[in-house]
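What follows is a short report on a single structure.
Treat the numbers as computed from the prediction; the structure is a model and nothing was measured. Numbering of ligands and ligand atoms starts at 1, following listing order.
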Amino acid sequence: MRQSQLFTKTRREAPKDEVAKNAQLLIRAGFIHKEMAGAYSYLPLGLRTLNKIIGIIREEMNTIGGQEVHLTALQDKRNWEATGRWDDAAVDNWFKAKLKNGNEVGLGFTHEEPLTALMKDHISSFRDLPIAAYQFQVKFRNEERAKSGILRGREFLMKDLYSFNVDEKAHQEFYERAKQAYVKIFERVGLGAQTYVTFASGGSFAKYSHEFQTVCEAGEDTIYVHEGKKMAVNTEVLNDEVLKDLGLARSDLAEKKAVEVGNIFSLGTRFSEALGLNYKDAEGKSKPVVMGSYGIGPGRLMGTIVEVWSDEKGLVWPESVAPFSVHLLALFDEAGTVKKVADDLYDKLTKKGIEVLYDDRDAGAGEKFADSDLIGIPKRYVISEKSLKTDSIEVKDRLTCKVEMVSISSL
Ligand code: ATP
Ligand code: MG
């Protein structure tokens with residue numbers, strides 16, 4: 001993409017009311033736009049990164065047999081009444097609205113109920129199982145505090161997968177595979193070293209649920225980390241009994257702030273029993289389906305990457321999620337030689353399938369460098385009158401700041 005065509009502008013200052021580092025930087029770099037607290041729009045650069053994150057999650061969900069769907073955000077209250085989750089006393093973050101005919105609808109904050117109800121059309125026998133279905137879909141939650149930028153939206157994207165199995169054993173096997181897929185996702189987006197499988201409350205059907213917590217200062221959660229075992233325990237379940245069960249000593253754990261980037265949960269038969277999702281086993285006996293749910297917030301993940309990787313100059317994207325791989329900066333000369341060489345290199349790189357943002361704007365070197373640091377593309381190629389004296393290009397690594405001169409022909 002030619003930067004002269006990119007409609008977004010960078011800015012020196014973030015809006016005064018924006019207190020989260022992730023949103024401040026993403027707004028300044030032109031990746032997102034703040035509509036209001038807890039509601040952010042994605043602009044071309046931001047959407048490219050978000051889509052890379054989505055692509056990685058989608059690959060890993062497909063690998064464990066997930067089938068992609070897309071459910072409605074508008075929710076029929078009857079499914080939620082059946083599980084006791086329509087009542088505002090049970091769920092305090094609903095957004096609800098009224099239809100013209102007076103009926104109430106909800107904006108989904110999660111999708112266990114509608115998907116369980118939907119599966120009644122498709123599951124009747126043990127032969128129909130297992131099933132894993134997932135989506136990338138917008139959720140609405142009337143969050144009390146929305147001060148963490150895209151880490152906590154009132155409207156946000158979630159990847160939610162739901163598993164349907166014949167029994168607890170089959171469920172556990174899938175659950176383990178999902179856990180490994182999650183580990184892989186966080187490694188692939190550049191958060192492997194900081195992200196811990198964290199034991200959290202399991203609700204009424206399982207001893208534990210597992211959260212994926214990324215250690216960083218912006219985190220709203222407190223976890224207790226065992227570095228050697230690469231695992232952690234959430235505050236809510238930290239007690240002597242749990243430590244004994246997990247074979248951990250309190251003195252080996254370090255207290256850390258962390259962001260919950262993902263969460264996997266055994267649901268047992270809570271939803272299938274409430275909504276009547278049953279199957280017939282080999283003997284023809286009717287049994288409730290055993291379920292699990294598996295969430296990741298792609299937006300929260302993007303915000304966490306920013307919190308972990310950015311520096312004082314701006315964003316620093318891991319290669320796998322960067323909006324472009326190369327930021328090509330042309331520092332134009334009077335004679336037009338730089339432009340010619342840069343145009344040519346841009347064409348060649350693009351034809352090779354390399355994603356290049358080409359700063360072909362009529363702007364000064366200082367502005368181009370500052371914008372490039374702010375946008376945070378992993379590799380920066382600078383073509384200038386000076387570099388052309390040796391027929392070369394200056395290549396700078398955004399993360400390490402290492403600079404080298406590379407000859408155009410070898411490049
Ligand atoms: P939290 O405790 O942080 O409010 P949660 O436990 O309610 O989150 P889940 O219901 O487990 O969240 O949602 C699954 C995933 O969706 C989370 O792990 C997180 O990545 C993402 N997520 C949850 N709430 C938000 C939000 N308000 N904004 C952005 N992402 C979110
Ligand atoms: Mg959670």
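The heavy atom nearest to atom 17 (C) of ligand 1, considering only Glu155, Arg154, Glu260, Lys159, is found in Glu260. The closest non-hydrogen atom to atom 27 (N) of ligand 1, taken over Glu144, Met302, Glu143, comes from Glu143. Compare Arg141, Met158, Gln213 by their heavy atoms: the one nearest to atom 10 (O) of ligand 1 is in Arg141.
Of the heavy atoms in Lys139, none comes closer than 4.0 Å to ligand 1. Contact annotation for Val261 and ligand 1: only backbone heavy atoms (N, CA, C, O) come within less than 4.0 Å of the ligand. By the criterion of a heavy-atom distance under 4.0 Å, the side chain of Arg300, and not its backbone, is placed next to ligand 1. At a heavy-atom distance under 4.0 Å, only backbone atoms of Leu151 (N, CA, C or O) approach ligand 1.
By the 3.5 Å distance cut-off applied to N or O atoms, Ile296 is not counted among the residues near ligand 1. The shortest N/O to N/O separation between Ile150 and ligand 1 does not fall below 3.5 Å. At least one N/O-N/O distance between Gly153 and ligand 1 falls below 3.5 Å.
Checking each of Glu81, Arg78, Arg85 against Glu113 for a side chain to side chain contact (heavy atoms under 4.5 Å, CB included) leaves exactly one that passes, namely Arg85.
Checked against the 6.0 Å centroid threshold, Phe174 and Tyr294 count as a close aromatic pair.
A cation-pi arrangement is absent between Arg141 and Phe95, since the terminal nitrogen or guanidinium carbon is not both under 6.0 Å from the aromatic centre and inside a 45° cone about the axis. With Trp86 as the aromatic partner, Lys96 meets the cation-pi criteria of under 6.0 angstrom to the ring centre and within 45 degrees of the ring axis. A cation-pi arrangement is found for Lys368 relative to Phe332, the charged atom lying closer than 6.0 Å to the ring centre and inside a 45° cone about the ring normal.
Salt-bridge annotation for Lys339 and Asp360: absent, with no side-chain N of the basic residue lying under 4.0 Å from a carboxylate O of the acidic one. Of the charged side-chain nitrogens involved, at least one lies within less than 4.0 Å of a carboxylate oxygen, so that Glu143 and Arg152 count as a salt-bridged pair.
Every atom of ligand 1 with a heavy atom of Asn263 under 4.0 Å away is listed here by number and element: 11 (O), 18 (O).
In this structure Glu217 satisfies the salt bridge (charged side-chain N to carboxylate O under 4.0 Å, His left out) test with no other residue, sequence neighbours excluded.
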